There are 2 protein chains.
Amino acid sequence: MATKAQATRERILDAAEALFAAEGYAAVTVRQIMKRAGADVALAYYHFDSKRDLFDAVLMRRAEHLNAVRLEALDEVEGRHSDDAPTVEEIIAAFTNPLLDLLAEDHEAWHHYMALIAQVNNSPEWGGELMTRYFDPLVRRFIEALRKALPHCDEAEIFWSYHFLSGALTLTFAETGRLDNLSDGVCRSSDMASIAERMPAFLAAGFERLCAPTTKE
Amino acid sequence: MATKAQATRERILDAAEALFAAEGYAAVTVRQIMKRAGADVALAYYHFDSKRDLFDAVLMRRAEHLNAVRLEALDEVEGRHSDDAPTVEEIIAAFTNPLLDLLAEDHEAWHHYMALIAQVNNSPEWGGELMTRYFDPLVRRFIEALRKALPHCDEAEIFWSYHFLSGALTLTFAETGRLDNLSDGVCRSSDMASIAERMPAFLAAGFERLCAPTTKE
DNA sequence: AGCCTATTTCAACGCTGGTTGAAAGACAAG
DNA sequence: CTTGTCTTTCAACCAGCGTTGAAATAGGCT
């Protein structure tokens, strides 16, 4: 059992996660990471192949857990509706609530991770490929569920709606402080209860409006 | 008329904009920028104080124009409604349509700019401060207009809704290719007509749902 | 013509980046 | 105690970074 080495490996990942989240991949040096982790620089290259490999490991580590709990939440919602389909808002809540739970459990860690994901999602260099690699299977399951909840809805409307959702979600969970500045303190980015109350409702309304058979021929 | 030097200055800004948009501030070197601009490295430091100053100049250059045309669009919408208030969707369209117009005029340039803004908006390091510095006056005007269109609505609901809008908008205009991958080609990030048809409607529905006096006491 | 200023080039400085090879330490098995 | 493997440290390499000072060029005044 290499439990001691595993622990340092985790410390390295934690340090890298925090720094990458705060300043972005390129702005952070391996030396900074290892200083924060309290270990020698060269040790990074014992546990990981390269800086880039370390970055991938940071992304991977929590992606698996996150996908698992979200899948569970979706299954739970679908299980509650054995005959009818869940509402759009319920499905979206199954997508966002697990995040809120994880943030409640360990805000520090998951907050860093979410801030990092927001940057990746919005990067032309990485957004296309990395988000697809780490999250696509789960997202496709959610889109499947949404399609059932909106049976008369075009495929394109659902994909576009999901894309709007993705942008709103990643920015919101990134907690950049923008909202705090803009609202002069009326709203706080870190107020998870406010997010839980508002985000699923807001987004569900968007889905339903786009999928309503109104103006389009 | 320093028209010749102005032209090189613009070429430097164009090159910097494209590279910063594609790879982020820290990943891009001044040498790369000047190579793309077809000029000597040192010339960057004749026209700008530092790499960071160049970055600010890139952001500033189009921000002013963008704010101006958006303000014009909002004034135009409000002018059309001298007695009643414009609808939420009209106001949001006044926020997004100018972007679509600019992209139609010169896609290359404005696409780079939007991709850059998406990264800034989602960065904890810059999102709070820079977005506030460059866009706040305009955003506050829009929020004012929205407040009039939703007179019974809480301030907090409007700020949160705007925040969701901001995330959806910046990711969408960043055109990262994520949507293309996810939808297996059914939707294309670069399809501006699809955005124009769907985004204002989607977001307006969200605003209206959050501001509807239903469940909240 | 010569001059003056605005612009552009050249060559370099000091420093830090990611990365590595070899040596040292820890520690379990024999 | 010795051996061997896993983990950690030390010291260094070299390419490339942001930045600068001084020299070259260009182009409008007088």
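Please read these numbers as outputs of a predicted model, since none were measured by experiment. By convention in this document, chain letters (A, B, ...) are assigned in the order of the sequence lines, proteins followed by strands, and residues within each chain are numbered from 1.
- Contact annotation: B:T8 reaches the phosphate of C:dT8 (side-chain N/O to OP1 or OP2, under 4.0 Å).
- The two residues A:S189 and A:M192 make their nearest non-hydrogen contact at O-CE, 3.9 Å.
- B:H107 and B:H111 have parallel rings, their planes meeting at less than 30° on a 0 to 90° scale where 60° marks the start of perpendicular.
- Side-chain nitrogen and oxygen atoms of B:H47 include none within less than 4.0 Å of the OP1 or OP2 phosphate oxygen of C:dA6.
- Here D:dT8 presents its C1' atom at 11 Å from CZ of A:R11, a figure rounded to the nearest Å.
- If you measure from atom CD1 of B:I12 to atom C1' of C:dT7, you get 11 Å, rounded to the nearest angstrom.
- Computed from coordinates, the B:M34 CE to C:dT8 P distance equals 9 Å when rounded to whole Å.
- Screening residues 35-48 of chain A for side-chain hydrogen bond (donor to acceptor under 3.5 Å, both in side chains), with sequence neighbours left out, gives no hits.
- Here B:Y25 and B:W126 bring their ring centres to under 6.0 angstrom of each other.
- With rounding to whole Å, B:I33 atom CD1 is found 11 Å from D:dG18 atom C1'.
- The OH atom of A:Y25 sits 14 Å away from the P atom of C:dG17 (whole-angstrom rounding).
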Quiz item: When every nucleotide of nucleotides 19-25 of chain C is labelled 5' to 3' by its protein contacts under 4.0 Å (heavy atoms), B for base, S for sugar-phosphate only, - for none, what sequence of letters results?
Solution: BBB----

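- The distance from atom CD of B:E23 to atom P of D:dC17 is 11 Å, rounded to the nearest whole Å.
- Judged by closest nucleotide on DNA chain C, B:R9 is the one of A:V28 and B:R9 placed further toward the 5' end.
- Taking atom CD on B:Q6 and atom P on C:dT8, their separation rounds to 11 Å, with Å as the unit.
- How far OG1 of B:T96 is from CZ of B:R198: 13.5 Å, rounded to the nearest 0.5 Å.
- In summary, of the residues considered (B:D75, B:N67, B:D136), a side chain to side chain donor-acceptor pair (under 3.5 Å) with B:R141 occurs for B:D75 alone.
- Neither OP1 nor OP2 of C:dT8 sits under 4.0 Å from any side-chain N or O of B:Y46.
- A distance of 11.5 Å separates CD1 in A:I143 from CG in A:L150, rounded to the nearest 0.5 Å.
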